[in-house]
Amino acid sequence: MPELPEVETVVRSLAPHLIGRRIVQAAFTSKFVTPGNRSKLAARLAGRTIVGIQRRGKFILLALDQGTLVVHLGMTGRLLLDGAPAGEHIYGVFALDRGVLRYQDPRQFGRIEWNPRRIARLGPEPLEIGVQEFSKRLRARKARVKPLLLDQSFLAGLGNIYADEALFAAGIHPLAVASRLSAARAARLHQAIRDVLTLAIEHRGSSISDYVDGHGGRGWFQVLHNVYGREGQPCARCGSAIRKITAAGRGTHFCPNCQRR
DNA sequence: CCGAAGACCTGCTGGC
DNA sequence: TGCCAGCAGGTCTTCG
């Protein structure tokens with residue numbers, strides 16, 4: 001579910017309500033979301049104060065006065081402040097000195113962990129890397145461009161929606177070989193990624209089925225999708241029917257006319 | 001190094 | 001109407 005724009009929106013919606021709060025008590029009830037010793041994790045959090053919250057790739061980093069708690073929302077994870085409608089599938093509860101934060105996740109693909117090693121293996125932030133560095137990294141790889149964009153150690157934060165949308169904006173076929181892209185096309189892709197992510201953040205992310213921010217609010221970038229979820233519909237640029245194929249095991253949407261091999 | 005496939009979960013939908 | 005295969009915004013492991 002949540003890619004960089006959604007996670008960024010969640011972080012921004014939570015920050016004013018969480019920073020400075022003390023965790024009075026925590027409880028976890030899923031062996032998938034919180035692998036390992038759940039009561040030990042809860043004990044470690046009790047009494048800690050939240051001093052900061054930030055995003056790294058698709059991860060949420062909750063900086064505490066001692067240590068860092070890392071949350072990944074997986075496909076259907078939500079962090080909800082009190083007042084946001086919750087319901088079923090609550091697998092984490094953080095009782096704060098003022099208010100409550102809940103973790104909801106029907107599919108339990110998300111993770112709540114203490115200093116996971118995966119963070120260290122993340123690639124650069126797409127909104128921070130410069131065009132030269134991006135182009136160099138991209139053209140050094142023989143992989144197909146779509147699977148590469150989904151590789152979090154190559155670039156941290158893109159997922160299936162924004163990879164497809166960025167490739168459309170850049171006019172690049174998802175199965176193009178990265179090392180064979182010209183410098184000009186690599187630069188176009190760099191700019192397209194920046195544009196798509198920035199616009200999506202401005203629209204508070206894409207809400208297709210599950211995604212909401214910390215208050216339960218939906219995003220609306222989905223109305224601006226050009227290819228994702230638009231199989232068979234006319235391309236906004238040229239009118240050709242949008243096609244859907246499988247790449248990297250994921251549904252991949254593109255315009256066969258605007259994105260030639 | 002690269003890609004495909006299967007695994008981890010639950011819920012919804014589209015086609016028969 | 002009702003059932004079930006297939007699919008879903010993510011990531012990891014295994015295998016060729």
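All figures in this text were calculated on a predicted structure; none of them were measured in a lab.
Salt bridge annotation for A/Glu6-A/Lys58: absent, with no cationic side-chain nitrogen under 4.0 angstrom from a carboxylate oxygen. By the 4.0 Å N-to-carboxylate-O rule, A/Asp213 lies close enough to A/Arg204 to be salt-bridged with it. A salt bridge is defined here as a Lys NZ or Arg NE, NH1 or NH2 lying under 4.0 Å from an Asp or Glu carboxylate O, and A/Lys146 with A/Asp164 meets this definition.
Among B/dG3, B/dG11, C/dC12, the nucleotide with an atom closest to any side-chain atom of A/Arg118 is C/dC12. Set against C/dG9, B/dG3, B/dG11, the side chain of A/Ser209 has C/dG9 as its closest nucleotide.
The distance between the ring centers of A/His17 and A/His215 falls below 6.0 angstrom.
Inspection of the A/Thr76 and A/Tyr211 side chains reveals no N or O donor paired with an N or O acceptor under 3.5 Å.
Comparing B/dC1 with C/dG10, their P atoms are spaced 24 Å from each other, to the whole Å. If you take atom C1' in C/dC3 and the same atom in B/dC8, they sit 25 Å apart, rounded to whole Å. Going from the P atom of C/dA5 to that of B/dA7 covers 15 Å, rounded to whole Å. Between B/dG11 and C/dC12, the two C1' atoms lie 23 Å apart (nearest whole Å). Spacing between C/dC7 and B/dA4 at atom P, rounded to whole Å, works out to 16 Å.
Using a 4.0 Å cut-off, no side-chain N or O of A/Arg107 falls inside it from OP1 or OP2 of B/dG11. Put simply, A/His225 has no side-chain N or O that comes within less than 4.0 Å of OP1 or OP2 on C/dG9. In terms of phosphate contacts, A/Gln152 brings no side-chain nitrogen or oxygen within less than 4.0 Å of OP1 or OP2 of C/dG10. The shortest distance between the side-chain N/O atoms of A/His72 and the OP1/OP2 oxygens of C/dT11 is below 4.0 Å.
Atom CZ in A/Phe154 sits about 14 Å away from atom P in B/dC1, given to the nearest Å. Atom NZ in A/Lys58 sits roughly 4 Å away from atom P in C/dT11 (whole-Å rounding). For the pair A/Gln222 CD and C/dA8 P, the interatomic distance rounds to 17 Å; values are reported in whole Å. Taking atom CG of residue A/Leu150 and atom C1' of nucleotide C/dA8, one finds them 14 Å apart after rounding to whole Å. The interatomic distance linking A/Asp105 (CG) with C/dG9 (P) rounds to 15 Å, in whole Å. A straight line from CG of A/Asp151 to C1' of C/dG10 spans 13 Å, rounded to a whole angstrom. When rounded to the nearest whole Å, the span between CG of A/Leu148 and P of B/dA4 equals 13 Å. Atom CD of A/Glu8 and atom P of C/dG9 are 22 Å apart (whole Å).
For a distance-only test at 3.5 Å, the side chain of A/Arg250 fails to qualify as a donor-acceptor partner of the base of C/dA8.
Stacking here means ring centres nearer than 5.5 Å and ring planes tilted less than 30 degrees, and by that measure A/Phe109 stacks onto C/dG10.
Within the shown strands, B/dG3 is the pairing partner of C/dC15 under the Watson-Crick or G-U definition, both distances less than 3.5 Å.
Within the nucleic acid shown, A/Gly159 comes within 4.0 Å of sugar-phosphate atoms alone, with no base atom in reach, counting heavy atoms only. Counting any heavy atom pair closer than 4.0 Å across all strands shown, A/Tyr228 reaches sugar-phosphate atoms only and no base atom. Contacts of A/Lys244 with the nucleic acid, taken as non-hydrogen atoms under 4.0 Å apart, involve only primed sugar atoms and P, OP1 or OP2. Residue contacts shown for A/Arg144 are limited to sugar-phosphate atoms, with no base heavy atom under 4.0 Å away.
A/Arg218 CZ: more than 12 foreign heavy atoms inside a 6.0 Å radius.
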